K.L.:
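Could you have a look at this structure, given as structure tokens, before my questions?
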Amino acid sequence: MAIERTLSIIKPDATRRNLTGKINAKFEEAGLRIVAQKRIKLSLEQAGKFYEVHKERPFYGELCEFMASEPVVVQVLEGEGAIAKNREVMGATNPAQAADGTIRKEFALSVGENSVHGSDAPETAAVEIAFFFSGLELVG
Ligand code: DAT
Ligand code: MG
């Protein structure tokens, strides 16, 4: 399997509860390397653009307001099969269905406030990384 990069976001419910370090430990224990990271506050417009693929879904407005409510930590994770590995460490979208030991099982509050975002495919990873980071900010 190839070395990949994926875009991860530690969401407001997790930054608010000071869980950045615990979540990063889960990534690092799984062999994912944090090659870029910054804490930012999204505007409602930026959150809306990032989640544009979901704009027809009933929860879109709520999702964007949540993502813009407090700071997030955006990061690029690198490793063997990083996209799928990150999804595995994150756990299912709905924490009630997430496997034991996953981030969402341990930390998520609800299907909406589910602590982390992770890209779902190579194409979306490339677009999402470029949304937040310039090439100069990526140090492998
Ligand atoms: P994931 O974040 O696991 O890739 P997704 O892409 O289907 O999940 O949805 C993006 C985010 O939207 C998800 O992390 C939380 C929110 N969301 C998804 N389904 C929802 C629902 N039924 N009610 C409220 N928020 C939801
Ligand atoms: Mg998704």
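What you see is a predicted model, and the numbers here were worked out from it, not measured in a lab. We count residues from 1, following the sequence as given. Just follow the structure's listing: the first ligand is 1, and inside any ligand the first atom is 1.
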K.L.:
Who else is in the cluster with Val76 when I, L, V, M, F, W and Y are joined by side-chain contacts under 4.5 Å?
P.N.:
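Under the 4.5 Å side-chain rule, Val76 groups with Leu7, Ile9, Val35, Ile40, Leu42, Phe50, Tyr51, Phe59, Tyr60, Leu63, Phe66, Met67, Val72, Val74, Ile129, Phe131, Phe132, Phe133, Leu138.
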K.L.:
Does Lys26 pair with Glu106 as a salt bridge, N-O distance under 4.0 Å?
P.N.:
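Salt bridge between Lys26 and Glu106, a charged N being under 4.0 Å from a carboxylate O: yes.
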K.L.:
Looking only at N/O atoms, are Thr93 and ligand 1 under 3.5 Å apart anywhere?
P.N.:
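Min N/O separation from ligand 1 is below 3.5 Å for Thr93.
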K.L.:
Answer with side chain, backbone, both or neither: which part of Asn94 has a heavy atom less than 4.0 angstrom from an atom of ligand 1?
P.N.:
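Within the 4.0 Å criterion, Asn94 makes no contact with ligand 1.
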K.L.:
Using a strict cut-off of less than 4.0 Å between a Lys/Arg side-chain nitrogen and an Asp/Glu carboxylate oxygen, indicate whether Glu78 and Arg33 qualify as a salt bridge.
P.N.:
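Salt bridge between Glu78 and Arg33, a charged N being under 4.0 Å from a carboxylate O: no.
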K.L.:
Mind listing the closest non-hydrogen atom pair of Ser119 and Ala125 along with its distance?
P.N.:
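Looks like OG-CA, 3.4 Å.
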K.L.:
Would you find a donor on one side and an acceptor on the other, under 3.5 Å apart, between the side chain of Arg104 and the backbone of Gly91?
P.N.:
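Here the side-chain-to-backbone pair exists.
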K.L.:
I need the single residue from Leu77, Asn86, Ile83 that forms a side-chain contact (heavy atoms from CB on, under 4.5 Å) with Glu4. Which is it?
P.N.:
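It is Ile83; the other options fail the test.
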K.L.:
Can you report which non-hydrogen protein atom sits closest to atom 13 (C) of ligand 1, along with the distance?
P.N.:
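Going atom by atom, the protein heavy atom closest to atom 13 (C) of ligand 1 ends up being Asn114 ND2, 3.6 Å.
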K.L.:
With only distance considered, is Arg87 within less than 3.5 Å of ligand 1 through an N or O on each side?
P.N.:
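It does: an N or O of Arg87 is found under 3.5 Å from an N or O of ligand 1.
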K.L.:
May I ask you to check whether His54 has an N/O atom sitting below 3.5 Å from an N/O atom of ligand 1?
P.N.:
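Yes; at least one N/O pair falls below 3.5 Å.
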K.L.:
With a 4.0 Å cut-off on heavy atoms, is Arg104 touching ligand 1?
P.N.:
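Contact present.
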K.L.:
I'd like to know whether Glu70 forms a salt bridge (Lys or Arg N to Asp or Glu O under 4.0 Å) with Lys11, so could you lay out the CA-CA distance, the side-chain angles of the two residues, the decisive distance to 0.1 Å, and finally the verdict.
P.N.:
CA-CA 8 Å; Glu70 282 179 85; Lys11 295 185 179 183; over 6 Å; no
K.L.:
Would you indicate which of Phe66, Phe59, Tyr60 comes nearest to atom 21 (C) of ligand 1 when only heavy atoms are counted?
P.N.:
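Comparing heavy atoms across Phe66, Phe59, Tyr60, the nearest one to atom 21 (C) of ligand 1 lies in Phe59.
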K.L.:
Would you say Met90 contacts ligand 1, with heavy atoms under 4.0 Å as the rule?
P.N.:
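No, that is not the case, since the closest heavy atom of the residue is not under 4.0 Å from the ligand.
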K.L.:
Tell me whether ligand 1 is touched by Val111 - counting only heavy atoms on the residue side and a distance under 4.0 Å.
P.N.:
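Heavy atoms of Val111 do come under 4.0 Å of ligand 1.
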K.L.:
Please state which part of Met67 comes within less than 4.0 Å of ligand 1, counting heavy atoms only: side chain, backbone, both or neither.
P.N.:
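Within the 4.0 Å criterion, Met67 makes no contact with ligand 1.
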